[in-house]
Amino acid sequence: MTEGPWLVVGLGNPGAEYAGNRHNVGAMVLDELARRAGVVFGSGGGMLSRRPRAAVAEARIGVLPGGAPGPRVVLAKPSTFMNVSGGPVAALAQYHDVPAERVVMVHDDLDIPFGDIRLKVGGGEGGHNGLRDTTKALGTKDYVRVRVGVGRPPGRMEAADYVLRDFSATERKDLGWLVDAAADAVEMVVTEGLVKAQLKYHTKA
């Protein structure tokens, strides 16, 4: 699990007005991973004309068996709007020579109850435009998804309106825990593999 870097991407929309939205929980998880690693997001280094539109930090995350530092990881938060996330993701994967199977996308998921986390490789995008654009840009669906549950909208509220609203006051009481757990899930994927992470996060305590 230690050969070559991973690319971990947290999806969201840029700007302070979106920062607390349900749609930005992926970016919140990346902030937590950067905090744990003691790194600060920058503009992508010396990528010149191929520099992606993203905030980027390089780090080692997690701890390998025996206590060694975890794998090298490129942490990224696209600075584009959600619907056009794929370009920055593909540019970073190409620049850092990261194959699709080592790309981890962290994102909100309406089909999962708030507080739950699920992980998978491939499959459909579930109407998530950020994932749809990433699949198109990478040319494959076969990347890892860390799906952070935000639940379904109440009543007849449109899904787009729901994800572009901040978490409720009740949800915010548990949001820190959820972000922390999702960051743990990312670390487990890159240090112990997807299957072990699924066994932990798909099993009710």
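Just so you know, residue 1 is the first one in the sequence shown, and it goes up from there. These figures come from a predicted structure and were not determined experimentally.
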Practice prompt. May I have the step-by-step check of side-chain contact (heavy atoms from CB on, under 4.5 Å) for Val121 and Lys141, ending in yes or no?
Written response: CA-CA 8 Å; Val121 169; Lys141 295 176 179 284; over 6 Å; no
Worksheet item: Considering residues at least two apart in sequence or located in another chain, which fulfil the salt bridge (Lys or Arg N to Asp or Glu O under 4.0 Å) criterion with Glu171?
Response: Arg22
Atom of [X], atom of [Y] and distance for their closest heavy-atom approach:
X      : Y      : answer
Ala185 : Ala197 : O-CB, 4.5 Å
Asn21  : Leu164 : OD1-O, 3.2 Å
Leu178 : Phe114 : CD2-CE1, 3.7 Å
Ala54  : Pro88  : CB-CB, 4.4 Å
Pro71  : Trp6   : CB-CD1, 4.0 Å
Val29  : Ala182 : CG2-CB, 3.6 Å

Does [X] reach the side chain of [Y], with side-chain heavy atoms less than 4.5 Å apart?
X      : Y      : answer
Met105 : Thr134 : yes
Lys136 : Arg132 : no
Thr80  : Val84  : yes
Thr191 : Val63  : no
His23  : Leu11  : no
Met28  : Leu175 : yes
Val189 : Lys196 : no
Val9   : Val104 : no

With a sphere of 6.0 Å drawn around [atom1] of [X], does it hold more than 12 non-hydrogen atoms of other residues, nucleotides or ligands?
X      : atom1 : answer
Lys120 : NZ    : yes
Asp161 : CG    : yes
Arg165 : CZ    : no

As an exercise, state the distance from [atom1] of [X] to [atom2] of [Y], rounded to the nearest 0.5 Å.
X      : Y      : atom1 : atom2 : answer
Leu138 : Leu7   : CG    : CG    : 8.5 Å
Tyr143 : Thr135 : OH    : OG1   : 3.0 Å
Met188 : Ile61  : CE    : CD1   : 13.0 Å
Asn129 : Asp133 : CG    : CG    : 8.5 Å

Worksheet item: If Ile, Leu, Val, Met, Phe, Trp and Tyr residues are connected whenever their side-chain heavy atoms lie under 4.5 Å apart, and connections chain through other members, are Leu30 and Val40 in the same group?
Response: no
Worksheet entry | hydrophobic_cluster_shared for Val163 and Ile112, side chain cutoff 4.5 Å | no
Run the side-chain donor-acceptor check on residues 12-20: report pairs under 3.5 Å with partners two or more places apart or on a different chain.
unit_1, atom_1, unit_2, atom_2, d
Asn13, OD1, Met82, N, 2.8

Discussion item. Is there a side-chain contact (heavy atoms from CB on, under 4.5 Å) between Val8 and Val74? Walk through the geometry before answering.
Written reply: CA-CA 6 Å; Val8 180; Val74 178; over 6 Å; no
Measure from the side-chain N and O atoms of [X] to the backbone N and O of [Y], and report whether any donor-acceptor pair falls under 3.5 Å.
X      : Y      : answer
Tyr201 : Asp116 : no
Ser79  : Arg53  : yes
Glu32  : Val179 : no
Arg102 : Gly4   : yes
Arg118 : His202 : no

Worksheet item: Are the charged groups of Asp108 and Arg147 less than 4.0 angstrom apart, N to O?
Response: no
Item to complete: Taking only Lys NZ, Arg NE, NH1 and NH2, and the carboxylate oxygens of Asp or Glu, determine whether Arg145 and Asp109 approach each other closer than 4.0 Å.
Response: no
Worksheet item: According to the interplanar angle, ranging from 0 to 90°, do the rings of His107 and His128 count as parallel (below 30°), tilted (30 to 60°) or perpendicular (above 60°)?
Response: perpendicular
Fill in: Trace of the side-chain contact (heavy atoms from CB on, under 4.5 Å) decision for Val103 with Val98
CA-CA 7 Å; Val103 174; Val98 179; 4.0 Å; yes
Worksheet item: Name the one of Val195, Val146, Val186, Leu199 that satisfies side-chain contact (heavy atoms from CB on, under 4.5 Å) with Leu119?
Response: Val146
Fill in: side-chain contact (heavy atoms from CB on, under 4.5 Å) evaluation trace for His96 with Val73
CA-CA 10 Å; His96 291 280; Val73 172; over 6 Å; no
